[in-house]
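Quick caveat, the model's predicted, so the values are computed rather than measured. Indexing begins at 1, ligand by ligand and atom by atom, following the structure's order.
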Amino acid sequence: MSKVTTIGVLTSGGDAPGMNAAIRAVVRRALSKGLKVKGIKRGYAGLLKEEIVDMDGLSVAETIHRGGTILYTARCMEFVTEEGQRQGAEICKKHGIDGLVVIGGDGSFRGAQKLAALGVNTIGVPGTIDLDIACTDYTIGFDTAVNTAMDAIDKVRDTSTSHERCSIIEVMGRHAGYIALWCGIANGSEDILIPERYDYDEQALINRIIENRKRGKRHHIIINAEGIGHSTSMAKRIEAATGIETRATILGHMQRGGRPTCKDRVYASIMGAKAVDLLMEGKSNRVVAYKNGEYVDFDIDEALAMTKDIPEDQYDIFKSLVR
Ligand code: ADP
Ligand code: F6P
């Protein structure tokens, strides 16, 4: 039997479409098992300010289809300190929270790890549009974000082709090129620039644009990950060097919003429910993951020690499809 009686749930770090589905699943799965649930608003910042509310089944009604997070999210430097973490653990105990589900990215998991060490049972659920959590092949929000970016890039492509322009479209991913890689394949772009592989050889890029134009290509779409950035100045340099009109479009935070896709709703729901199940089994300091087609869980320490890179074969396939 589980010793956990009251589960807290918070979202932390960058929001991601599907987080509401995960919150809803935590709340309703826990209630279905006879547990109490408390929502902690604004991540660790809200925990330290005791922004804690009781949640029932209706608290999460009408949320599964909504982007963002109904619990709000925040970044909190105070919680990176030992004193902040000690206070956070005390506040959990004061409110009877003996199990905590943290929905967020690697940074949020580090916070969860600290709380677990201070005696609060914690489970992480991976939520970030960047897909850059090493222990899992799926993160909440990536599927929606990449579909949003794909739709936007299709639209830019229409006008780019009409005007026979070069277009640089900047997608999110400060440290990771997954959105750029997936859109590169899905949108059939001519180039992707990603932090994991960028060679700073702008002349080679310019040469490819000139060569493609000579071969009769009517546009040249470059998908540039945020981690490379400088899309506007790059566009000016490309236009000056090639004589081809070039425009930069930065998609920005639109990629973080919007109705979650079916995949994000379903995977997030399953992960949220599994987090509750792990707490009921007496587990702590673990993160729910989706690996090789299965839902699994890892020790947070192990998960945070893992590293992840863009799969070389996928990058190579992208390049071979550009003709
Ligand atoms: P993400 O969870 O998406 O990676 P951040 O890196 O911004 O986002 O982390 C979210 C929050 O997690 C931070 O604002 C901070 O409150 C907490 N956090 C990050 N790193 C640590 C750490 N080393 N120890 C404790 N808490 C941390
Ligand atoms: O959610 C991840 C991410 O979108 C990164 O790609 C980006 O660098 C970062 O969040 C930006 O977040 P914010 O504008 O909220 O600081």
Student: Under 4.0 Å from any heavy atom of Gly14, which atoms of ligand 1 are there?
Tutor: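 Reading through ligand 1 atom by atom, the close ones are 3 (O).
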Student: When you group the ILVMFWY residues by side-chain heavy-atom contacts below 4.5 Å and let the links chain together, are Val27 and Ile40 in the same group?
Tutor: no
Student: Starting from atom 24 (N) of ligand 1, which protein heavy atom do you reach first, and at what distance in Å?
Tutor: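 Checked against all protein heavy atoms, atom 24 (N) of ligand 1 sits closest to Lys114 NZ, 3.3 Å.
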Student: What is the nearest protein non-hydrogen atom to atom 13 (C) of ligand 1, stated with its residue, atom name and distance?
Tutor: Cys76 N, 3.9 Å
Student: Give a yes or no answer on whether the side chain of Glu239 reaches the backbone of Thr246 with a donor-acceptor pair at less than 3.5 Å.
Tutor: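 Such a contact is found between Glu239 side chain and Thr246 backbone.
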Student: Taking atom 8 (O) of ligand 1 as the point of reference, which of Ala45, Gly13, Ala112 owns the nearest heavy atom?
Tutor: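 Ranked by closest heavy atom to atom 8 (O) of ligand 1, first place is Gly13.
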Student: I need the atoms of ligand 1 closer than 4.0 Å to a non-hydrogen atom of Tyr44, numbered in the order shown.
Tutor: 12 (O), 16 (O), 17 (C)
Student: Are any of the N/O atoms on Asp130, whether in the backbone or the side chain, positioned under 3.5 angstrom from an N/O atom of ligand 2?
Tutor: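 So ligand 2 has an N or O lying under 3.5 Å from an N or O of Asp130.
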Student: Is Gly105 close to ligand 1, meaning an N/O of one under 3.5 Å from an N/O of the other?
Tutor: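 Yes.
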Student: Of the options Lys38, Glu50, Glu90, which is the one that meets His95 in a side chain to side chain donor-acceptor pair (under 3.5 Å)?
Tutor: Glu50
Student: Parallel, tilted or perpendicular: which describes the rings of Phe79 and Tyr44, with under 30° parallel and over 60° perpendicular?
Tutor: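 Geometry flag for Tyr44 against Phe79: parallel rings.
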Student: Which residue supplies the protein heavy atom nearest to atom 4 (O) of ligand 2, what is that atom called, and how far is it?
Tutor: Met172 SD, 2.9 Å
Student: How far is atom 16 (O) of ligand 2 from the closest protein heavy atom, and which atom is that?
Tutor: Arg75 NH1, 3.2 Å
Student: Polar-atom distance check: Met77 versus ligand 1, any N or O pair below 3.5 Å?
Tutor: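 No: no nitrogen or oxygen of Met77 is under 3.5 Å from one in ligand 1.
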Student: Under 3.5 Å, N or O to N or O, is Gly173 touching ligand 2 that way?
Tutor: yes
Student: So, 4.0 Å and heavy atoms of His175: is ligand 2 close enough to count as a contact?
Tutor: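 Checking ligand 2 against His175, which is what was asked, there is no heavy-atom contact under 4.0 Å.
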Student: Of all the non-hydrogen atoms in the protein, which one sits nearest to atom 22 (C) of ligand 1, and at what distance?
Tutor: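 Going atom by atom, the protein heavy atom closest to atom 22 (C) of ligand 1 ends up being Arg110 CB, 3.5 Å.
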Student: Heavy-atom contacts under 4.0 Å between Arg75 and ligand 1: side chain, backbone, both, or neither?
Tutor: both
Student: Run the side-chain contact (heavy atoms from CB on, under 4.5 Å) test on Met306 and Phe298 for me, step by step, so that the C-alpha distance in whole Å, both residues' side-chain angles and the decisive distance to 0.1 Å come before the verdict.
Tutor: CA-CA 11 Å; Met306 293 179 191; Phe298 292 100; 3.6 Å; yes
Student: Work out whether the distance between some heavy atom of Asp106 and some atom of ligand 1 is less than 4.0 Å.
Tutor: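 Judged by the 4.0 Å heavy-atom criterion, Asp106 does count as contacting ligand 1.
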Student: My understanding is that only one of Ser160, Ser167, Cys166 makes a side chain to side chain contact (heavy atoms under 4.5 Å, CB included) with His220; could you say which?
Tutor: Cys166
Student: Without hydrogens or angle criteria, can the side chains of Thr261 and Asn147 be said to hold a donor-acceptor pair below 3.5 Å?
Tutor: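 On atom types as modelled, these side chains do not qualify, holding no pair under 3.5 Å.
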Student: Would a 4.5 Å heavy-atom cut-off, applied to side chains only, mark Tyr138 and Asp264 as touching?
Tutor: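 SC-SC contact between Tyr138 and Asp264 confirmed.
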Student: With nothing but distance in play, are any N or O atoms of Ser108 less than 3.5 Å from an N or O of ligand 1?
Tutor: yes
Student: Using a 4.0 Å heavy-atom cut-off, say whether Phe79 meets ligand 1 through its side chain, its backbone, both or neither.
Tutor: both
Student: Looking only at side-chain N and O atoms, does Thr5 offer a donor or acceptor that is under 3.5 Å from a partner on Asp98?
Tutor: yes
Student: Linking I/L/V/M/F/W/Y whenever any side-chain heavy atoms sit under 4.5 Å apart, do Val101 and Leu31 land together?
Tutor: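 Shared cluster, yes.
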Student: Which ligand 2 atoms, with their elements, are less than 4.0 angstrom from a heavy-atom of Glu226?
Tutor: 5 (C), 6 (O), 7 (C), 8 (O)
Student: From atom 6 (O) of ligand 1, work out which of Gly124, Ser12, Gly107 has a heavy atom at the shortest distance.
Tutor: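 Residue with the shortest heavy-atom distance to the ligand atom: Gly107.
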Student: Can you tell me which residue and heavy atom of the protein come closest to atom 15 (O) of ligand 2, and the distance to 0.1 Å?
Tutor: Arg256 NH2, 2.8 Å
Student: Does only the side chain of His253 get under 4.0 Å from ligand 2, or the backbone, or both, or neither? Count heavy atoms.
Tutor: side chain
Student: I need the single residue from His219, Arg213, Arg218 that forms a side chain to side chain donor-acceptor pair (under 3.5 Å) with Glu164. Which is it?
Tutor: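 Of all the options given, the one that passes is Arg218.
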Student: Count I, L, V, M, F, W, Y as connected when their side-chain heavy atoms are under 4.5 Å apart, and connections chain through other members. Are Val26 and Val102 then in the same cluster?
Tutor: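 Val26 and Val102: separate clusters.
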Student: Output the list of atoms in ligand 1 that are nearer than 4.0 Å to some heavy atom of Gly111, sorted by atom number.
Tutor: 25 (C), 26 (N), 27 (C)
Student: Going by heavy atoms, is Gln85 under 4.0 Å from ligand 1?
Tutor: yes
Student: Do Val288 and Leu10 share a hydrophobic cluster, counting only Ile, Leu, Val, Met, Phe, Trp and Tyr and linking them when any side-chain heavy atoms are less than 4.5 Å apart?
Tutor: no
Student: At less than 4.0 angstrom from any non-hydrogen atom of Arg174, what atoms of ligand 2 do you find?
Tutor: 6 (O), 8 (O), 9 (C), 11 (C), 16 (O)
Student: Under 4.0 Å between a Lys/Arg side-chain N and an Asp/Glu carboxylate O for Glu190 and Lys217?
Tutor: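 Here Glu190 pairs with Lys217 in a salt bridge, since their nearest N and O are under 4.0 Å apart.
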